[in-house]
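Here the structure comes first, spelled out in structure tokens, and everything after it is commentary.
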Amino acid sequence: MAQVLAYHTGLNTAVLHEVATVVQAGGVIAIPTESSYGLGVSPFQADAVERLCRLKERTDGKPILVLIAARSQLDRLVRDIPLAAYLLMEAFWPGPLTIVFPAAASLPAALTAGSESVGVRWTIYRPLVDILRVTGPLTGTSANRAGRQPAQTAEAVQALFGTEVDIILDAGSAPGGAPSTVVDAREPVTLIREGPITREALRTTLQRGGFQLNIRTVPS
């Protein structure tokens, strides 16, 4: 079975070092997020991302979002930062907003799914922040097989994936919050999924830079 480590805010240095070592070696860790448990791998390692896709049985060809805990962690992920993205970052980051950027050419194809884009969220959720500051950016896809509900507890992750996951960080039941709002900041700036940050708030921010918000929402 996967190694289960009890999570508490401010995990000790030894535990965080162990988690980072597993990630650097291409491992998969289950992590608590604002809404459910997620599966984290290094977004810079093609083998790890492909392993993640097999684990989730993904065949939808959708890009995989990435979590960060500091503005400096964004640089390796993106090719450039559109002006609209700067406006959104200033207004809503860190927070429940995933921004879609032009992807860095070095990112694995399985991460971007051929879209030449990458969705990134700077989380404010303390359990994630502690982890990401040590591991660096991680994928934030939900802990589930394709078409099934995301796991809300470490026990559910264990039952679903067993030894296929290397470490599970057990923080108790996930908060169960709504998934983040998703905006593609490339022109035309487009709302892909409405969540905690409303379209009205986005419009107000974008209008300051002369941008319109197009709507192309998809089911959560």
Side-chain angles (χ1 to χ4, degrees), residues 1-5 16-33 35-69 73-80 98-123 128 131-151 154 156-169 174 179-180 182 184 186 192-193 218-220:
M1 302 296 282
Q3 182 181 11
V4 180
L5 301 176
L16 287 172
H17 176 75
E18 182 176 0
V19 170
T21 299
V22 167
V23 170
Q24 291 163 8
V28 180
I29 64 173
I31 52 179
T33 79
S35 56
S36 66
Y37 274 74
L39 297 179
V41 305
S42 169
F44 307 112
Q45 298 184 31
D47 289 347
V49 177
E50 289 167 7
R51 177 185 171 190
L52 176 64
C53 291
R54 291 193 300 271
L55 191 63
K56 285 180 60 73
E57 300 174 355
R58 285 181 70 126
T59 59
D60 54 16
K62 294 180 180 178
I64 298 171
L65 75 87
V66 178
L67 301 166
I68 62 174
Q73 292 183 339
L74 180 66
D75 296 340
R76 289 182 63 196
L77 294 164
V78 303
R79 185 174 72 246
D80 57 68
T98 298
I99 302 175
V100 178
F101 297 86
S106 58
L107 292 182
L111 187 81
T112 63
S115 66
E116 300 185 351
S117 67
V118 60
V120 184
R121 183 170 86 250
W122 180 356
T123 181
L128 269 179
I131 297 163
L132 294 166
R133 283 177 175 166
V134 177
T135 62
L138 292 173
T139 58
T141 185
S142 56
N144 63 325
R145 308 282 190 188
R148 298 179 63 175
Q149 290 298 310
V157 177
Q158 182 80 288
L160 186 57
F161 294 110
T163 58
E164 295 177 274
V165 171
D166 298 295
I167 290 178
I168 300 172
L169 292 173
S180 64
V182 182
D184 190 336
R186 302 170 299 169
I192 297 173
R193 181 177 71 198
V218 297
S220 299

Taking every heavy atom of Val165 against every heavy atom of Ile168, the minimum-distance pair comes out as CG1-CG1, 4.0 Å
Query - Working for side chain to side chain contact (heavy atoms under 4.5 Å, CB included), residues Arg58 and Ile64 - result: CA-CA 10 Å; Arg58 285 181 70 126; Ile64 298 171; 3.9 Å; yes
Contacts of Thr112 meeting side-chain hydrogen bond (donor to acceptor under 3.5 Å, both in side chains) (sequence neighbours excluded), chain-then-number -> none
Could you please spell out the steps behind the side chain to side chain contact (heavy atoms under 4.5 Å, CB included) verdict for Phe101 and Leu74? CA-CA 10 Å; Phe101 297 86; Leu74 180 66; 3.9 Å; yes
**Prompt:** If we only count heavy atoms from C-beta on, is the Val41 to Arg51 side-chain gap below 4.5 Å?
**Reply:** no
For residues 101-111, the salt bridge (charged side-chain N to carboxylate O under 4.0 Å, His left out) pairs (sequence neighbours left out) are none
Those residues at least two apart in sequence (or on a different chain) that pass salt bridge (charged side-chain N to carboxylate O under 4.0 Å, His left out) with Glu50 are none
Rounded to the nearest 0.5 angstrom, the NZ-OG1 distance for Lys62 and Thr141 is 10.0 Å
| said: Side chains of Leu39 and Phe161, heavy atoms from C-beta outward: is any pair under 4.5 Å? | reply: yes
Looking only at heavy atoms, the pair that brings Arg76 and Ala104 closest together is O-CB, 3.5 Å
Residue set satisfying side-chain contact (heavy atoms from CB on, under 4.5 Å) with Pro108, at least two apart, ordered chain then number -> Ala46, Val49, Leu111
Item checked: Close side-chain approach of Ser180 and Arg193, heavy atoms under 4.5 Å -> yes
Which of Leu128, Ile131, Val157 passes side-chain contact (heavy atoms from CB on, under 4.5 Å) with Leu169? It is Ile131
Residues passing the side-chain contact (heavy atoms from CB on, under 4.5 Å) test with Pro137, sequence neighbours excluded, are Pro43, Phe44, Val66, Ile68, Gln73, Leu77
Donor-acceptor pairs under 3.5 angstrom involving side-chain atoms of residues 26-33: please list them, not counting sequence neighbours.
{"residue": "Thr33", "atom": "OG1", "partner": "Ser35", "partner atom": "N", "Å": "3.3"}
{"residue": "Thr33", "atom": "OG1", "partner": "Ser36", "partner atom": "N", "Å": "3.2"}
{"residue": "Thr33", "atom": "OG1", "partner": "Ser36", "partner atom": "O", "Å": "2.5"}

Asn144 meets the side-chain hydrogen bond (donor to acceptor under 3.5 Å, both in side chains) criterion, sequence neighbours left out, with Lys56, Ser142
Rounding to 0.5 Å, atoms CG (Leu138) and CG (Leu65) come to a distance of 11.0 Å
side-chain contact (heavy atoms from CB on, under 4.5 Å) filter on Ala20, not counting sequence neighbours, yields Gln24, Val134, Thr135
Interatomic distance, CD1@Ile167 vs OG1@Thr21, rounded to 0.5 Å, equals 8.5 Å
Across all chains, not counting sequence neighbours, the side-chain contact (heavy atoms from CB on, under 4.5 Å) partners of Asp75 are Arg71
Closest heavy-atom pair, Thr139 versus Leu52, reported as atoms and distance to 0.1 Å, is OG1-CD2, 3.5 Å
Sidechain-backbone polar pair: Arg79 side chain, Ala105 backbone, donor-acceptor under 3.5 Å: no
Contacts satisfying salt bridge (charged side-chain N to carboxylate O under 4.0 Å, His left out) that involve residues 140-151 (not counting sequence neighbours) are Arg145-Glu164
Applying side-chain hydrogen bond (donor to acceptor under 3.5 Å, both in side chains) to Ser42 and not counting sequence neighbours gives none
Residues at least two apart in sequence or cross-chain that pass side-chain hydrogen bond (donor to acceptor under 3.5 Å, both in side chains) with Glu57, listed by chain then number, are none
